[in-house]
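One structure is given here, and the rest of the page talks about it.
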Number of protein chains: 2
Amino acid sequence: MAKGSETRERLLGIAEVAVLEKGFGATSIDEIIAAAEITKSGFFYHFKDKNHLARALLVRYIEKEEFILDDLFNRSRELHDDPLHSFLIGLKLFAEMMEDLSSGHPGCLVATYCYQERLFDQEIRDLTRETTLVWRKRFRDTFDEITEIYPARDSVDLDDLADMVSNTVEGGIIMSKALRDPGVLPRQVMLLRSYIKLLFSPTRN
Amino acid sequence: MAKGSETRERLLGIAEVAVLEKGFGATSIDEIIAAAEITKSGFFYHFKDKNHLARALLVRYIEKEEFILDDLFNRSRELHDDPLHSFLIGLKLFAEMMEDLSSGHPGCLVATYCYQERLFDQEIRDLTRETTLVWRKRFRDTFDEITEIYPARDSVDLDDLADMVSNTVEGGIIMSKALRDPGVLPRQVMLLRSYIKLLFSPTRN
DNA sequence: TAAAAACTGTACTTACGGTACAGTAAAATC
DNA sequence: GATTTTACTGTACCGTAAGTACAGTTTTTA
């Protein structure tokens, strides 16, 4: 079992890089198996078709993301009791993490899939939607905690505000890629942080 | 000339929809010519290869965008003399425009190209970069005008703030697609507006 | 009416997604 | 230690797509 899932992981790793660079439709199975030094039959042993590869890629990506976010915001929670300040610390940590990616964020699979939706079956499209809703819930819970203590200085919908976190990251990845400047994403996260700070800071500041 | 450029436009229109739905690599020339009811030879008369189609698509898209943004922010400028309030009006108008797109924003070609960069030649990658810099300059000029009158309540880099406008739109398009809710993009634009408002409003508010 | 523009038609090459299926080496299970 | 399962290899094949080449034809414009 160990050897098999090792090969599977290698295939997924190679495919992920290729998909984020060229898009799913432009990534050929032939190039994946060439890089993985495996035969086509070997590939189809692991994934019955390209759609199954797509799904496995997405599931793996989502799990990795969730783990990273859990870890980061748990740490920020340990650094400060107050939900607002803890979240502001979390955003700073996130920005720093994005800054440390030497060649920039490689890209978000959810975003690439959204921009190529017609290539995927309903199951995959539902997965991207549910993932985005999980992100929303994560940050919505945070903002619920914050508003229990700090009243917002402008009337905003908290689901929209929660979406703004994902929105900033997704937009920042694109802007970083477009400008070929990995620094854009972390700086945009810091701007989001500035908004949260202004929005919830007590009036006398 | 009229008939030729008419066919060319038709090809570009069909290609744009397909590329935004499936990505460039997954859009076949055969499907484009089938929809346009033209032969393959006819296609290659207009575009010598797929890369030339990609470039023409992008150039056309950029020109359309620029025209729309010019029009919108010129109108908002006419509605209010003050640069801050004029910009806030412009963002509201933009949000309304996004809301009126019945099936949501079809997607940004710059974003799809960024997520499939390895498919395109250097010239196209430079084009996406320069376009993003033009967007930056547009909003940077606006924020320069605003800061001449209103001091920012938090220390922010104005280029970053200018990028935040594009960032919000690019992210909003992805979030709208992921959640299958066209309303996300306009609501995110309104959140950006809320930030600009908080950031530049005189302290007593 | 001549020339340029805008195509059609045919034929071919290479690459890719996918199928089918027989065979095999290594690892886990009984 | 034999057997089954896992994880592959190898070969051969099909349909579709991108792209090339080039000769011929219609339509528009000068």
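We name chains A, B, ... by the order of the sequence lines, and we start the count at 1 in each one. The figures that follow rest on heavy atoms only: side chains count, while hydrogens, waters and symmetry mates do not.
- The minimum heavy-atom distance between B:Thr168 and B:Met164, with the atom names listed, is OG1-O, 2.7 Å.
- Whole-Å rounding puts the B:His46 NE2 to D:dG19 C1' distance at 17 Å.
- In this structure, A:Leu53 atom CG and C:dG17 atom C1' are separated by 12 Å, rounded to whole Å.
- Closest of all the heavy-atom pairs between B:Pro106 and B:Leu20 is O-CB, 3.5 Å.
- Looking only at atom types and distance, the side chain of A:Ser201 has no donor-acceptor partner in the side chain of A:Tyr150 under 3.5 Å away.
- For A:Asp30 and D:dT16, the CG to P distance is 18 Å, given to the nearest whole Å.
- When the C1' atom of D:dA17 is taken as reference, atom NZ of B:Lys50 falls 9 Å away, rounded to whole Å.
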Protein and nucleotides 8-12 of chain C: nitrogen or oxygen contacts under 3.5 angstrom:
{"unit_1": "C:dT8", "atom_1": "OP2", "unit_2": "B:Thr39", "atom_2": "N", "d": "3.0"}
{"unit_1": "C:dT8", "atom_1": "OP2", "unit_2": "B:Thr39", "atom_2": "OG1", "d": "2.4"}
{"unit_1": "C:dG9", "atom_1": "N7", "unit_2": "B:Ser41", "atom_2": "OG", "d": "2.9"}
{"unit_1": "C:dG9", "atom_1": "O6", "unit_2": "B:Ser41", "atom_2": "OG", "d": "2.4"}

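- The interatomic distance linking A:Glu31 (CD) with C:dG17 (C1') rounds to 13 Å, in whole Å.
- Using a 4.5 Å cut-off on side-chain heavy atoms (C-beta onward), A:Leu53 and A:Leu12 make contact.
- In this pair, B:Phe73 and B:Phe139 present their aromatic rings perpendicular. The plane angle is above 60°, beyond the 30 to 60° band.
- Here D:dC14 presents its P atom at 19 Å from CD1 of A:Ile29, a figure rounded to the nearest Å.
- To the nearest angstrom, C1' of C:dC21 lies 14 Å from CZ of A:Phe44.
- For the pair A:Ile33 CD1 and D:dT9 P, the interatomic distance rounds to 9 Å; values are reported in whole Å.
- One finds a side-chain N or O of B:Thr7 lying less than 4.0 angstrom from the OP1 or OP2 phosphate oxygen of C:dC7.
- In summary, the side chains of B:Glu78 and B:Asn74 do not present any donor paired with an acceptor at a separation below 3.5 Å, with no hydrogens or angles considered.
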